[in-house]
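Here the structure is laid out as structure tokens; the discussion comes afterwards.
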Amino acid sequence: MRHAYRSILRHGLALLLALCAAHALAGTVAPAEGLWRGEFTVNGEALPFNFELAGLEGAQPRLVLLNGSRRDEFEVEKLAGGGIRAVMNTYDAALEATVEEGSGGKRLVGHYRDLVPKRNGANDLPFTAEHGQAWRFVPPERDAGSAANLDGKWAILNRDRSAGPNQVALLRQEGTRLTGVFMTVVGDTRELEGVVQGDRFWLSHFSGPSPVLVRGTIEDGQIQGAISFGIYNVARFEGHRSDEVELPDPYRLTYLKDGRRSIDFSFPDLEGRPVSLRDDKYRGKVVIVEVIGTWCPNCTDQTRFLAPWFRENRQRGVEAIAVAFEQEDSFEYFQQRLRKFRDLFDIRYDIVHGGVADKKLATEKLQGLNYMAAFPTTIVIDRRGEVREIYTGFTGPVTGGYYEEYVARFNALMDELLAEPDPYAATAGQ
């Protein structure tokens with residue numbers, strides 16, 4: 001009898017809690033769908049970004065980050081109380097927000113959560129967002145105009161360095177709207193979007209990893225300002241327009257040590273099995289080694305190029321290996337991040353664990369290299385196992401001719417190497 005009473009009480013309490021939860025959810029207001037303008041607070045300064053929420057009432061709600069012509073899409077998890085959470089795909093971070101009370105679903109308050117365990121949330125960024133706003137820095141009714149024109153190619157020098165230029169900026173101005181990209185030997189900022197007002201300009205970008213803010217002034221045809229990499233650092237710069245400026249040759253920054261013709265390594269794959277270039281799988285094949293990290297935006301852009309290229313060309317006698325150096329020196333962390341990375345890009349080649357993200361460590365582990373100058377780095381190996389080309393960084397589609405030149409040179413080299421005979425074919429059956 002006592003047992004039956006307790007059972008009735010327990011089930012009655014569970015039903016009451018469920019009814020209370022349902023009542024609470026029924027009274028919540030979900031975020032409105034459509035365009036939004038968000039604003040991070042970084043070191044006390046506003047860093048704006050734009051996004052779209054769609055399908056919140058369906059089975060596949062989405063958040064799309066907008067940067068000029070670039071679109072980056074993320075799945076949305078709907079939380080109790082009208083909140084939302086969007087994990088930033090392969091980046092170990094998430095946007096979390098709740099609807100501000102009394103806003104009718106048209107104002108969000110939240111945080112960019114840095115989920116890397118060792119940082120314990122130290123790089124979290126607060127943000128707010130307003131629905132129905134498509135502008136970024138200046139609302140249309142407050143556009144003050146500008147006589148300045150930043151259209152063109154710019155040599156950018158970091159003020160804290162004596163050598164230069166350190167960056168090249170490709171800017172496009174239409175009226176007061178400004179878009180473009182800053183390129184370094186590591187890669188690029190992805191597409192920036194902003195505005196010119198009088199003798200000042202602003203640009204920003206947010207597509208999942210740390211947000212970027214560029215702000216500066218214009219005087220006598222030159223510019224100066226600062227680039228803030230959100231959760232990381234701030235660098236001051238000055239620049240002048242130059243059609244001739246170029247960065248150091250990315251094909252010459254990393255090279256083989258004297259007397260070396262190949263590289264060597266052995267790393268565990270996602271299942272813990274050792275993978276080496278000496279394995280039979282790679283014998284007589286052209287091999288592409290991409291040195292990456294899931295935390296690195298230029299690495300993901302490089303993989304976005306390589307993964308479909310590999311699927312289309314694998315039957316020609318080519319293999320690839322992604323060597324990942326991650327933000328935690330943990331094999332379990334590597335498995336977690338790289339399985340998601342593999343699935344997102346439909347990677348059909350081996351992915352191996354190099355270690356923690358450190359260029360000096362990567363140099364030591366990739367035996368034969370003079371120095372690993374940047375993530376990503378792409379190493380192309382011919383059928384004899386000899387390194388034929390090393391490319392530092394990655395310049396994405398937003399760089400226009402630079403990206404097109406990279407793709408053309410990559411394809412030409414692969415055609416050349418794949419046309420070479422397999423030196424081991426004659427002994428394969430012996």
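On a predicted model such as this, the values are computed, not experimentally measured, just so you know.
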Taking all non-hydrogen atoms of both residues, which atom of [X] and which atom of [Y] are closest, and how far apart?
| X | Y | result |
| --- | --- | --- |
| Gly105 | Val29 | N-CG1, 3.4 Å |
| Asp114 | Asp92 | OD1-O, 3.7 Å |
| Pro31 | Val99 | N-CG2, 3.7 Å |
| Glu52 | Leu35 | CB-CD2, 4.3 Å |
| Gly317 | Leu418 | O-CD2, 3.6 Å |
| Trp154 | Gln222 | CZ3-CA, 4.3 Å |

Is the shortest heavy-atom distance from the side chain of [X] to the side chain of [Y] under 4.5 Å?
| X | Y | answer |
| --- | --- | --- |
| Arg215 | Leu203 | no |
| Ser204 | Val212 | no |
| Leu192 | Val214 | yes |
| Tyr251 | Ile390 | no |
| Val168 | Glu246 | no |
| His111 | Leu95 | no |
| Leu213 | Phe40 | no |
| Asn411 | Trp309 | yes |

For Gln167, which of Thr184, Thr189, Asn158 qualifies under side chain to side chain donor-acceptor pair (under 3.5 Å)? Asn158
Any donor-acceptor pair under 3.5 Å from [X] side chain to [Y] backbone:
| X | Y | answer |
| --- | --- | --- |
| Ser146 | Gln197 | no |
| His353 | Asp269 | no |
| Glu130 | Gly38 | no |
| Ser330 | Tyr333 | yes |
| Gln335 | Leu270 | yes |
| Gln224 | Gly216 | no |

Would [X] and [Y] count as having a side-chain donor-acceptor pair, cut-off 3.5 Å?
| X | Y | answer |
| --- | --- | --- |
| Thr378 | Gln302 | yes |
| Gln327 | Arg119 | yes |
| Asp188 | Tyr402 | no |
| Ser207 | His205 | yes |

Aromatic rings Phe49 and Phe51: how do their planes relate, parallel, tilted or perpendicular, breaks at 30° and 60°? parallel
Ring pair (Phe, Tyr, Trp, His ring centres under 6.0 Å) filter on Phe182, not counting sequence neighbours, yields Phe237
Ring pair (Phe, Tyr, Trp, His ring centres under 6.0 Å) filter on Phe229, not counting sequence neighbours, yields none
Spacing of [X] atom [atom1] and [Y] atom [atom2] [to the nearest 0.5 Å]:
| X | Y | atom1 | atom2 | result |
| --- | --- | --- | --- | --- |
| Trp135 | Glu141 | CH2 | CD | 8.0 Å |
| Trp202 | Glu193 | CH2 | CD | 15.0 Å |
| Leu277 | Ile381 | CG | CD1 | 4.5 Å |
| Glu238 | His240 | CD | NE2 | 9.5 Å |
| Asn149 | Gln173 | CG | CD | 4.5 Å |
| Phe127 | Leu125 | CZ | CG | 10.5 Å |

Any ion pair linking [Y] and [X] (charged N to carboxylate O, less than 4.0 Å)?
| X | Y | answer |
| --- | --- | --- |
| Arg316 | Asp415 | yes |
| Lys153 | Asp243 | no |
| Arg339 | Glu271 | yes |

So Ser69 and Glu191, side chain to side chain donor-acceptor pair (under 3.5 Å) or not? Walk me through it. CA-CA 8 Å; Ser69 62; Glu191 188 168 359; 2.8 Å; yes
Would you say [X] has more than 12 foreign heavy atoms packed within less than 6.0 Å of its [atom1]?
| X | atom1 | value |
| --- | --- | --- |
| Glu420 | CD | yes |
| Asp280 | CG | no |
| Gln60 | CD | no |
| Glu75 | CD | no |
| Asn120 | CG | no |

Quick one: salt bridge (charged side-chain N to carboxylate O under 4.0 Å, His left out) partners of Asp124, sequence neighbours excluded? Arg113
Applying salt bridge (charged side-chain N to carboxylate O under 4.0 Å, His left out), name anything that partners Arg304, two or more places apart in sequence or on another chain. none
Would you confirm whether the ring centroid of Tyr255 sits within less than 6.0 angstrom of the ring centroid of Tyr371? no
Filter on salt bridge (charged side-chain N to carboxylate O under 4.0 Å, His left out), then keep only pairs touching [range], sequence neighbours left out; what's left?
| range | value |
| --- | --- |
| residues 58-71 | Arg62-Glu73, Arg70-Asp72, Arg70-Asp301 |
| residues 197-211 | none |
| residues 349-369 | Lys281-Asp350 |

How would you list all residue pairs meeting side chain to side chain donor-acceptor pair (under 3.5 Å) that involve residues 79-91, not counting sequence neighbours? Arg85-Glu96, Tyr91-Arg190, Tyr91-Thr300
Sequence-distant partners of Arg172, side-chain contact (heavy atoms from CB on, under 4.5 Å), two or more places apart: Asp151, Glu174, Thr179
Not counting sequence neighbours, which residues clear side-chain contact (heavy atoms from CB on, under 4.5 Å) with Asn50? List them please. Arg37, Leu66, Arg136
All pairs passing ring pair (Phe, Tyr, Trp, His ring centres under 6.0 Å) where residues 263-304 contributes a residue, at least two apart: Phe265-Phe267, Trp295-Phe375
Less than 3.5 Å apart, which donor and acceptor atoms pair up between the side chains of residues 391-399 and the rest of the protein, not counting sequence neighbours?
| unit_1 | atom_1 | unit_2 | atom_2 | d |
| --- | --- | --- | --- | --- |
| Thr399 | OG1 | Gly396 | O | 2.7 |
| Thr399 | OG1 | Tyr403 | N | 3.2 |

